[in-house]
Chemist: 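Right, I'll just put the structure down here and ask away after.
Order of listing sets the numbers, starting from 1, for every ligand and every atom in it.
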Amino acid sequence: MKKAGQRPDNITVTAPATIANLGAGFDLLGLAMEAPCDTITASRLSVQKLEFVSDPAFPELPLDTRNVAFYVAKKVYDAISPDTGAEIRLIKKIPPGSGMGGSAASAAAAAVAINTLFGSPFSREELLPFVVQGERLASGSPHADNAAPALLGGLCLLSPGKQMEVLRLPVSERFYWTVVLPACECNTREMRNLLPKMLSLATHTMQAGCLATLVSGLITGQSEWVSRGLHDLIAEPVRAIHIPGFAQVREAALDCGALGCSISGSGPAMFAVADTANTAGTIADAMQQAFREAGLASNAHISPVNTKGTLCTEQSLS
Ligand code: HSE
């Protein structure tokens, strides 16, 4: 934490949807999309307190510190301990329970908004543990594979060690990512309860090989390596049955030229990666059609990797 710098009076911050796991990288790998984004607007209050206004479009979200945005904002605010207060307002575009990193995006936007409002004493990297505390609140697990790319952008690999360390990998920007969200929800906490507690040596070796191959392909832009590496032997086998039409949706994506297709985070959103924007569009149509045949409407998002992460889009001094 450094000395506080310039302190705006009002600020608007956006944080993007993210694809966690990317197939082979369970709890280790995540990538930021351009859209959708959650937004926090924050304004300074003369009294020393934090006020939170949730998005009325999501009446099911808690209005107190059980809401991850407010919870993380309060943690950052208490750590800075400023002599004035703030009101923060959440605008949610990433639906809760979608597998698109909605809780991480709300928390990252809230953390950056409070930090910036009070002179940016924390670096982006120093804000990550606060955002991960929000993930623990939301799902019972302090995984950072949505939080890191939401905050920092790009392709993030969690590095083993005592401290939470993120390697922001030099990702190729030539791939296009399609995320299709069907009209159903998966609760991350419940999806984590399904995970195997033990893995066989053969599964470990195969998954480690896939992760290394996938990461090499994403860094170098080699489609063939992405295609060979994008498989998940750990989470996908136990979670896929909770996504109606999963096998057909994946088959539709691969038939249209996807290099790989799997579950985004803990689902139900599914993602696919493609060589061109045109192919990504064709893949999105085919995945949506397959979900329709399984009885589900869906929304599709296509974007290249977002290398910026959480962004301050407006700030003003009064
Ligand atoms: N890695 C986490 C999981 C992401 O798969 O449970 C949750 O969005």
Side-chain angles (χ1 to χ4, degrees), residues 15-33 36-38 68-69 71-72 92-109 128-129 131-152 155-160 164-167 169 177 179-182 184-197 199 203 207-208 210-211 214-215 218 229-243 246 250 260-271 301 306 309-310:
T18 46
I19 307 170
N21 302 335
L22 291 176
F26 174 74
D27 268 4
L28 293 172
L29 198 61
L31 176 126
M33 298 274 288
C37 291
D38 281 357
V68 285
Y71 177 82
V72 170
K92 249 197 119 37
K93 297 289 177 204
I94 309 169
S98 63
M100 296 171 69
S103 57
S106 297
L128 182 61
V131 179
V132 172
Q133 286 185 55
E135 292 294 72
R136 189 200 290 273
L137 176 79
S139 71
S141 140
H143 57 275
D145 51 344
N146 291 113
L151 197 56
L152 307 172
L155 174 68
C156 294
L157 176 70
L158 277 303
S159 171
M164 182 180 305
E165 278 217 23
V166 179
L167 303 182
L169 300 174
W177 300 86
V179 176
V180 178
L181 173 63
C184 60
E185 274 185 35
C186 286
N187 177 292
T188 300
R189 195 180 292 263
E190 287 165 18
M191 291 298 114
R192 292 188 76 85
N193 285 339
L194 300 172
L195 295 167
K197 302 281 178 284
L199 296 176
T203 303
Q207 186 93 359
C210 284
L211 178 56
L214 173 66
V215 166
L218 293 176
L230 208 160
H231 301 283
D232 175 15
L233 287 79
I234 298 175
E236 190 187 285
V238 291
R239 289 174 170 175
I241 48 168
H242 296 272
I243 304 174
F246 171 87
R250 181 165 62 181
C261 174
S262 186
I263 302 171
S264 175
S266 57
M270 290 178 63
F271 78 94
H301 303 273
N306 162 1
T310 302

Chemist: Using the side chain to side chain contact (heavy atoms under 4.5 Å, CB included) criterion, which residues pair with L137? Sequence neighbours excluded.
Modeler: V68, Y71

Chemist: Who pairs with S98 by side chain to side chain contact (heavy atoms under 4.5 Å, CB included), at least two apart in sequence or on another chain?
Modeler: I94, P95, M100, L181

Chemist: Measuring from atom OG of S139 to atom CD of E190, what distance do you get when rounded to the nearest 0.5 angstrom?
Modeler: 12.0 Å

Chemist: In Å, rounded to the nearest 0.5 Å, how long is the span from CG of L128 to CG of L152?
Modeler: 6.5 Å

Chemist: Out of the candidates D145, L31, N146, only one should pair with T18 under the side-chain contact (heavy atoms from CB on, under 4.5 Å) rule; please name it.
Modeler: N146

Chemist: Can you list everything that forms a side chain to side chain contact (heavy atoms under 4.5 Å, CB included) with A109? Sequence neighbours excluded, please.
Modeler: V13, A15, I40

Chemist: Anything with a heavy atom under 4.0 Å from ligand 1 counts, so go ahead and list those protein residues by chain and number.
Modeler: A20, N21, F26, D27, H143, D145, N146, T188, R192, R239, G265, S266

